[in-house]
Amino acid sequence: MTAVSPTTDPQPIISLQNVRKVYRTGGREVVAVSDVTLTINEGDLVSIVGPSGCGKTTVLKILAGLHDIDGGTVSIGQGQEQFVAGRDVGMVFQQPLLLKWRRIIDNVMLPAQILGMPAKASRERARDLLAMVGIADSADKYPYELSGGMQQRAAIARALVHDPKLVLMDEPFGALDAITREKMNLEMLRIWEQSRKTFVLVTHGIQEAIFLGSHCAVLTAGPARMADHFKVDIPYPRNLDVKTSEAFGGYVRRVYGQLNME
Ligand code: ADP
Ligand code: MG
């Protein structure tokens, strides 16, 4: 008798097909994205890497359901169940964007509050998330009392508080110094593995994209086209030793090649 192993086919939760996006401002047209095709499966950590101005933020906004598109198709959500931008998506930006008059815990609770989720349960969840991102002791502080890295941890907790299906991050560590950034990379892997959510991370850091991503999408200089898209076959949990491995070097060279940087 042959044993049949259970099939756990990955479930796509977002799919972009030949997406095009044009900005129209003051009678001028800017083609921000010319042709991007990308499928993201549930539980993936997808890095989107490309040069500045190539259209990464635009792609992320399309994934968030915040932009109309000018060509192609976008399918967000599973089956008939469509995502609702505020409810099902959490976002982290380059700047933490915390409200300076609110304590950290109240900043983290904000999305849950806006969605009218029960206050007591949300507060508990916010506290748990602050512990998960490693700043439980700062819950009652104000943003100015925290370092940039700690503020960004709070912003990550805020992106998770309403239990979104998808977390989108736009160069979340871009404003941090190099050492804090490396630490946050490790933290982010831990948070992703613990939260078991689908993460999309936009970055212009090639090493960061490979180190974090289960998959990596490479965009060309603008208007964005998909230059490459591959699975990063390096097992998790990953630690900094990965960066000196042959496999890691191979992936980094592959991206350099795609971006004509060799
Ligand atoms: P990236 O995030 O990779 O730096 P963006 O997606 O922000 O790139 O921008 C892609 C291109 O679209 C750039 O040329 C940018 O100037 C242009 N762009 C972005 N947002 C707007 C907008 N609201 N109106 C007009 N042009 C825009
Ligand atoms: Mg951007």
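Counting begins at 1 with the first residue of the sequence. Indexing begins at 1, ligand by ligand and atom by atom, following the structure's order.
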- Query: Quick check: does V30 get an N/O under 3.5 Å from an N/O on ligand 1?
  - Reply: no
- Is a side-chain donor or acceptor of K165 paired with a backbone partner of R87 at a separation under 3.5 angstrom? no
- Item | side-chain contact (heavy atoms from CB on, under 4.5 Å) between I210 and C216, intermediate numbers included | CA-CA 7 Å; I210 305 292; C216 180; 4.2 Å; yes
- Under 3.5 Å, is there a donor-acceptor pair between the side chain of D70 and the main chain of V22? yes
- Query: So, is the end of the K21 side chain (NZ or CZ) under 6.0 Å from the ring centre of Y23 and within 45° of the ring's axis?
  - Reply: yes
- Query: How about atom 16 (O) of ligand 1: does it have a protein heavy atom within less than 4.0 Å?
  - Reply: no
- Item | Identity and distance of the protein heavy atom lying nearest atom 13 (C) of ligand 1 | G53 O, 3.7 Å
- Message: Using a 4.0 Å cutoff against the non-hydrogen atoms of T58, which atoms of ligand 1 qualify?
- Response: 5 (P), 6 (O), 9 (O)
- Query: Thinking salt bridges, do R158 and D106 make one under a 4.0 Å N-O criterion?
  - Reply: no
- Message: Assess the residue pair V255 and F230 against the criterion (side-chain contact (heavy atoms from CB on, under 4.5 Å)); give the C-alpha distance rounded to whole Å, side-chain angles, the decisive distance to 0.1 Å, and a yes or no.
- Response: CA-CA 10 Å; V255 178; F230 55 87; 3.9 Å; yes
- Does some non-hydrogen atom of G50 fall short of 4.0 Å from ligand 1? no
- Item | Identity and distance of the protein heavy atom lying nearest atom 27 (C) of ligand 1 | Y23 CD1, 3.2 Å
- Task: May I ask you to check whether T25 has an N/O atom sitting below 3.5 Å from an N/O atom of ligand 1?
- Result: no
- Atoms of ligand 1, numbered as shown, that sit under 4.0 Å from any heavy atom of T57: 1 (P), 2 (O), 6 (O), 7 (O)
- Message: For P164 versus L160, what's the shortest heavy-atom pair and its separation?
- Response: CD-O, 3.5 Å
- Item | Donor-acceptor contact below 3.5 Å, side chain R190 vs main chain M132 | yes
- Between F211 and V252, does a side-chain contact (heavy atoms from CB on, under 4.5 Å) hold up when you go through it step by step? CA-CA 9 Å; F211 181 63; V252 169; over 6 Å; no
- Any protein heavy atom lying closer than 4.0 Å to atom 21 (C) of ligand 1? yes
- side-chain contact (heavy atoms from CB on, under 4.5 Å) with V33: of I69, T58, L219, only one passes, and it is T58
- Can you spot which of E208, K243, E187 makes a side-chain contact (heavy atoms from CB on, under 4.5 Å) with E182? K243
- List the closest protein heavy-atom neighbour of atom 8 (O) of ligand 1: residue, atom name, distance to the nearest 0.1 Å. G55 N, 3.1 Å
- Item | Residue and atom names of protein N/O/S atoms that fall under 2.8 Å from the Mg ion (ligand 2) | T57 OG1
